[in-house]
Amino acid sequence: MLPVQERIFLYRYLARVINVGIEPKAALKYYLEDNILKPKHHKALEHALILFDKNNDLSSSLDQAKIIPSTEFLSLQSSALPQTAMILADNLMKQSSLRRKIKTLLIYPIILFIEFLIILGIAIFWLTPQMQIFFDKLNVSAPKLFAVFSFLNVQLINLIRLNNAPRLIIISALLWLIYQCLKLEKIKYYLDYLLTVLFKIGHIYRLIVLQNIFNQLSLTVSLYGAGRIDQALKSTAGAIKNLVYQEALRDLSEHLSKGGSFKQFWLKAKNRHLFPVLARRLLTLGQRNQNYQTEIQTLAQILTEELDNELKHFISVFEPTLIICIACLVALLALTLQNVLSQAQTAVIAG
């Protein structure tokens, strides 16, 4: 599969070239000739050209050649290729920018978390064995903290020894089995729903998915027009990875295609949970005045700003929490060592 930045350029290239009257196959061939790609990507594009001769469809050829993900294939419509390709490029650009922002915000918390793990690792694998020798010589029992660390030290070292290879194989097999089970559609559906209800994290996760949905929808609704909002929703559903929102968007599309209203759709508690009050009100307003484009663009902008604020707030709480955890671990180790040294001093004086 092509990297995100390469797919953005591919969609923009195809949109501009096809828009001036060049056939899709020729456009893909020009892209292959004009750009220096990695050998595996070059080979995949050559395979897509071969597939194009068989099915005469650019989007399905790219999908079958594993050049683009299935979610983007569902949004890349052959009947309106230049427009949908540009829509995909714009949406991928926005999502890529958002991911970079999230990664930037998470750099410091990740460094703190790694620092916490390093301190804990030093305490378990270096400090505890050294102190155990000290306790054995004094013939005293280890404090509870060091007893816990000693237990973890023994268990972890035993786990990675060669004579525990059968156990490691069994554990690896179980982890692989769990991973395969998590990929099952029904289980993934429930996991996707669980992510939406987690405390605090669930709210941020819903904002991330909704921001993606309405960014995509703000682009697709201009392609279909206000009278085909159901088709715009159906197309957007294909570009969403979360199965719960994917199902909700398809249900909403079907509901509207049968003449239903947004207000009726919001009567279900599950739908009200997935879509915040602002989204429900602006979509209902858009249906009343038949101007979805303005309302959805406004909603996409508001969700982007709210997500940015929520992430900053979460990080502002998460960072001090990690710092406090590190400080508590270091303080606990220091107090325990002080207690041990006091006992040793008392034993020496008494002896």
Side-chain angles (χ1 to χ4, degrees), residues 102-183 187-188 190-191 193-205 311-351:
I102 293 173
K103 288 177 182 178
T104 302
L105 288 172
L106 288 175
I107 287 175
Y108 185 55
I110 289 172
I111 291 172
L112 289 175
F113 184 69
I114 292 173
E115 183 181 347
F116 177 80
L117 292 179
I118 290 172
I119 294 172
L120 190 61
I122 291 172
I124 293 173
F125 294 106
W126 180 79
L127 183 60
T128 299
Q130 300 296 323
M131 294 305 299
Q132 191 61 50
I133 297 172
F134 181 72
F135 298 141
D136 292 340
K137 286 184 177 180
L138 288 178
N139 196 25
V140 295
S141 58
K144 290 183 180 180
L145 180 63
F146 282 104
V148 172
F149 285 168
S150 180
F151 173 78
L152 292 173
N153 179 285
V154 172
Q155 294 301 316
L156 291 172
I157 290 176
N158 285 338
L159 185 63
I160 60 177
R161 283 179 178 169
L162 291 177
N163 58 0
N164 279 330
R167 186 188 298 179
L168 286 173
I169 293 171
I170 293 172
I171 292 173
S172 300
L174 286 173
L175 291 174
W176 179 85
L177 182 62
I178 292 170
Y179 173 72
Q180 293 301 318
C181 289
L182 293 177
K183 292 170 66 177
I187 294 177
K188 188 177 183 305
Y190 287 115
L191 287 175
Y193 184 76
L194 178 63
L195 285 172
T196 68
V197 298
L198 291 175
F199 176 71
K200 193 62 179 178
I201 296 175
H203 177 60
I204 295 175
Y205 178 74
L311 284 171
K312 288 178 180 177
H313 176 71
F314 178 75
I315 296 300
S316 68
V317 174
F318 189 54
E319 285 178 1
T321 302
L322 282 175
I323 292 172
I324 290 171
C325 288
I326 293 171
C328 288
L329 177 60
V330 173
L332 191 59
L333 285 170
L335 290 172
T336 304
L337 286 171
Q338 184 185 18
N339 186 34
V340 169
L341 292 174
S342 298
Q343 290 179 358
Q345 187 178 13
T346 303
V348 169
I349 293 172

Residues Phe149, Leu145; criterion side-chain contact (heavy atoms from CB on, under 4.5 Å); working and verdict: CA-CA 6 Å; Phe149 285 168; Leu145 180 63; 3.7 Å; yes
Please list every donor-acceptor pair under 3.5 Å in which a side-chain atom of residues 313-337 meets a protein atom from a residue at least two apart or in another chain.
from	atom 1	to	atom 2	distance (Å)
Ser316	OG	Lys312	O	3.3
Ser316	OG	His313	O	2.5
Thr321	OG1	Val317	O	2.8
Thr336	OG1	Leu332	O	2.7

Throw together a table of side-chain donor-acceptor distances under 3.5 angstrom for residues 104-129, partners on residues two or more places apart or in other chains.
from	atom 1	to	atom 2	distance (Å)
Thr104	OG1	Arg100	O	2.8
Thr128	OG1	Ala123	O	2.5

